[in-house]
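The next block holds one structure in the form of structure tokens; read it before the comments.
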Amino acid sequence: MTRIALQSLRKEYAGQVAIPDLNLEIEDGEFFTLLGPSGCGKTTLLRMIAGFNSIEAGTISFDGTVINDRPASERNIGMVFQNYALFPQMSAAKNVGFGLQTRKVPRADAERRIEQALDSVRMAHLKDRLPGQMSGGQQQRVALARALVIEPALLLMDEPLSNLDAKLRVEMRDTIREAQRKAGITTVYVTHDQEEAMAVSDRIAVMNLGVVQQVGAPAEIYRRPANRFVAEFIGKTNLLARDLLRQDEKAMVALGTGTELDVTGLVTPTASGRIQVSVRPEAVRAASSGLRATIVDETFLGSHSQVRARLETGEIIEFLEFSRRSSLWEEGAEVFLEVDRDMLTFFDLETGASIMQGTSA
Amino acid sequence: MKVAGKSFDGWTSVALLLTAGYLFLVVWPLITVLISSVSSGGSFTLDGFATFFSSRLYYGTLINSLMVTVCVTILAFVIAFPLAYFMTMFRIPGSRTIQVLILASMMSPPFIGAYSWILLLGNNGLITRWLQGTFGISAPSIYGFAGILLVLTLQLVPLIFTYLMGAWRTIDVSLLEAAESMGVTGWRRAAKVITPLLLPTVLGGSLLVFVRAFADFGTPMLIGQGFRTIPVLIYSSFVGEVSIDSSFAAAVAVIVIAVTLAVFLIQKFIVDRRTFSMTAMRAIEPTRLTGWRGWLVYLYIYSFLTLALAPLLVVVVSSFRNTLYGQFVAGFSFNNYINAQRDITRYVTNTFSIGITALVVLVVIAVLVSYLTVRRKNALTGALDTMTMVPYVVPGLIIGIALITAFSQPPLVLTGTFAIMVLALAIRRLPYTVRSTTALMYQFSPSIEEAAVSLGASKFRTLMQVIVPALAPGILAGAVLSWVTIITELSTTLFLYNTSTQTLSLGIYAQVIRGQQGTAAALSTILLVLTMLSLALLMRIGGNREIRV
């Protein structure tokens, strides 16, 4: 079991800075996800930990020991790749056994462990199949078994589900989570899919342009995003530019005519001026009074509808409608919208940083 | 803190070693030729070039060669395009067999083609005598320009055909359907849609035909007679070196390399600006042809096959005819095989020992070079990759001359050895094998290698236990193709062999020149059988894999 510390890490590609200065601590046994849009440096970082990318500055340590100069083959890492990377000429069992063979594990012991590993990902019945004869999901299960069987100090996964179809993805992420919990191996997981990240992770680091934007548990990141980038990247949100007014001891925001919200306890005492209010779609619902709006369109999605409405200010706001009305709203229909104050977050308009009380980046 | 990472590891030493070896064994000999083309008795001179361009006897061979080459390239394309078009668009009975036979005719030794046409249309040929005896008319002569054109075209049509078939497989049928939906069909579609898509391939294939036809020595030597091409001039001037200035042969060689290089660069310039990548989701589905058009198409395909393969059959049949003083006489027997038994054993043994050694050397170097150029891209491996392409533009005859010039004196004397034969054959084939192995290597995902490394495997272990076994089917298929070209190679080793290293193809050449028709036919039959067996092996291991030469 391993604690990982990344200190002042820097990565350059041919003079271009990919990661300027990065610090992270990953706890023992934790399922830690690097989440961000493509090109944010998450895969680069993962490959630095794996030993496939050079490190321009800073240190990576496992349990306090700096491993910068340790070659990839000696870091005792299990790695799962986006394209499975199974050895095409070897059967499932041979693939899983490869790491044991390089570690010179006695044959009988190795066979027992291969069996167990394949069993844990429910692939024991296909142990003699070649990768070419397996589906993508099956291949990725074997790849997972291959990474876990060596009892690595650290499990690294680079977008392991992005080549699978939507249904398999959900099934497979449960398998991954379950196998990781059982083995208790510290895991670093890379993905660009925020839903997937929230489903599997203990903690998530949201990255953009080589910089960590926020580290936290999934709920924390969703509910209290550290900045506008995180709010927009994780889930959907409506951003409304407003003025934060100080009246006596109170902090007030007017969302629309007659809908002034008292946000005194929510924002920092010093915050004022131009701000952005982040309104999640689920924080809005149609009511008998509130913000006046006209319907733009409604998209029926089965369990709910996705509705877009235009506020008096001209801003478009999107929200979810769960009621069981028999017909959809017509375009141009007049509605009133009620906003749940406790589900709002506030950012400084200029810097994009959170001005919520008790949020740390 | 800096991490060494990939910058210097065992692979760098391998790259250095390969580069050094290549410089010494390939580049240096070619430079020797270059030097001797401009020097005589230790001083600088352009006499060799001056001699060449001063007499029509000499520069005429260049004109002859260019004439043959251009005609063959155009003719081969004109014949191959409909062949490939019909085979792709229409359902042809026996399509699979036809493709195998075309491959067989492509891989059969070129000079056996020439020899078989001598058996048919030569001074004492079957058809010649039959026409003479029955109608009292003389047959068209196989000797000279027309004969060379016929033999080389038949030999090289399959090459372009194979290229075209490969390219065709990458064209998605939706492109044709799109053209059809816009009202472009039939020949207009072939011209406006298909041809542009195939152009890069066509140019690539044409280059190969050009290089082959330009450098071919066996065919013009056997049936050229008065019509001399430039490789024949190189051969005769090098063999008759006592009578001619030594720098002359070298000068001609340099001219030949310059022409090939120029064509190569022009082709590269054109192709580089036009390449696009395609993968067919849905390949073209052949349709059934009916009526007279169907018959015409079948006639075209089967006529070509007959013309390409019948001569080879003639050789096989002839090998069982009785001979007297080397000439065919009435009656059939195994005498040709029995009488030449000792020679046959020697040739076959040499062919296998030299061929297999060359093949092993070739494959090992090709795997290392392609790994380095794909996975360790840097200036050194880039240079190595470029260098391995050098023999591509150097005709075999010149490689032979270069090796004999460089290694007949210290520090390394190799003339007349087993080693120089192996070296020559390996060098000759290296560009092709490196290309095909590199293509395989590119398809191999780097993450598979990283997976092996992350599981604790060393770099060498990764190569031997993961990469090579995974690529083995492709490497093996490439090796069998190389094997076929090695056993049928003639010009490269022509200056390098002696009786203890004479191979089958060299044996055939010697017997034909000596007028031993029976022995030549028997040896040719053995070489043909060996070639066909190798190809059958290739079919087995290669499956439906696309075959490129």
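Chain naming here is simple, since letters A, B, ... match the order of the sequence lines and numbering starts at 1 in each.
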Polar side-chain atom of Gln89(A) near backbone of Val466(B) as donor-acceptor pair, under 3.5 Å:
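It does hold such a pair.
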Whether the side chain of Thr102(A) engages the backbone of Leu455(B) through a donor-acceptor N/O pair (distance < 3.5 Å, no angle test) should be reported.
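Flag set: sc Thr102(A) to bb Leu455(B) pair under 3.5 Å.
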Give, as side chain, backbone, both or neither, the part of [X] having an atom under 4.5 angstrom from any heavy atom of chain B.
{"X": "Leu156(A)", "answer": "neither"}
{"X": "Gln82(A)", "answer": "neither"}
{"X": "Arg10(A)", "answer": "neither"}

Minimum heavy-atom separation for [X] to [Y], with atom names?
{"X": "Gln465(B)", "Y": "Met90(A)", "value": "O-CE, 3.5 Å"}
{"X": "Asn83(A)", "Y": "Ser445(B)", "value": "ND2-OG, 2.8 Å"}
{"X": "Pro88(A)", "Y": "Ile448(B)", "value": "CD-CD1, 4.1 Å"}
{"X": "Glu450(B)", "Y": "Phe81(A)", "value": "OE1-CE2, 3.5 Å"}
{"X": "Ser73(A)", "Y": "Ala457(B)", "value": "CB-O, 3.6 Å"}
{"X": "Val453(B)", "Y": "Ala72(A)", "value": "CG1-CB, 3.7 Å"}

Quick check: do Ser454(B) and Phe52(A) have side-chain heavy atoms less than 4.5 Å from each other?
yes
Does Tyr442(B) have more than 12 heavy atoms from other residues, nucleotides or ligands lying within 6.0 Å of its OH?
yes
With a 4.5 angstrom heavy-atom cut-off, is it the side chain or the backbone of Ala472(B) that approaches chain A, or both, or neither?
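No part of it gets close to chain A.
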Quick one: which of Ile77(A), Asn95(A), Val80(A), Leu100(A) has the most heavy-atom pairs under 4.5 Å with chain B, could you say?
Ile77(A)
Do Ser447(B) and Tyr84(A) pass the side chain to side chain contact (heavy atoms under 4.5 Å, CB included) test, and can you show the C-alpha distance, the side-chain angles, and the key distance before you say yes or no?
CA-CA 8 Å; Ser447(B) 56; Tyr84(A) 328 129; over 6 Å; no
CZ of Phe98(A) to CZ of Arg461(B): how many Å apart, nearest 0.5 Å?
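Separation between the atoms: 6.0 Å.
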How far does CZ of Phe87(A) sit from CD1 of Ile467(B), to the nearest 0.5 angstrom?
9.5 Å
With respect to chain A, which residue among Pro446(B), Ser458(B), Ala452(B) yields the maximal number of heavy-atom pairs within a distance under 4.5 Å?
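Heavy-atom pair counts peak at Ala452(B).
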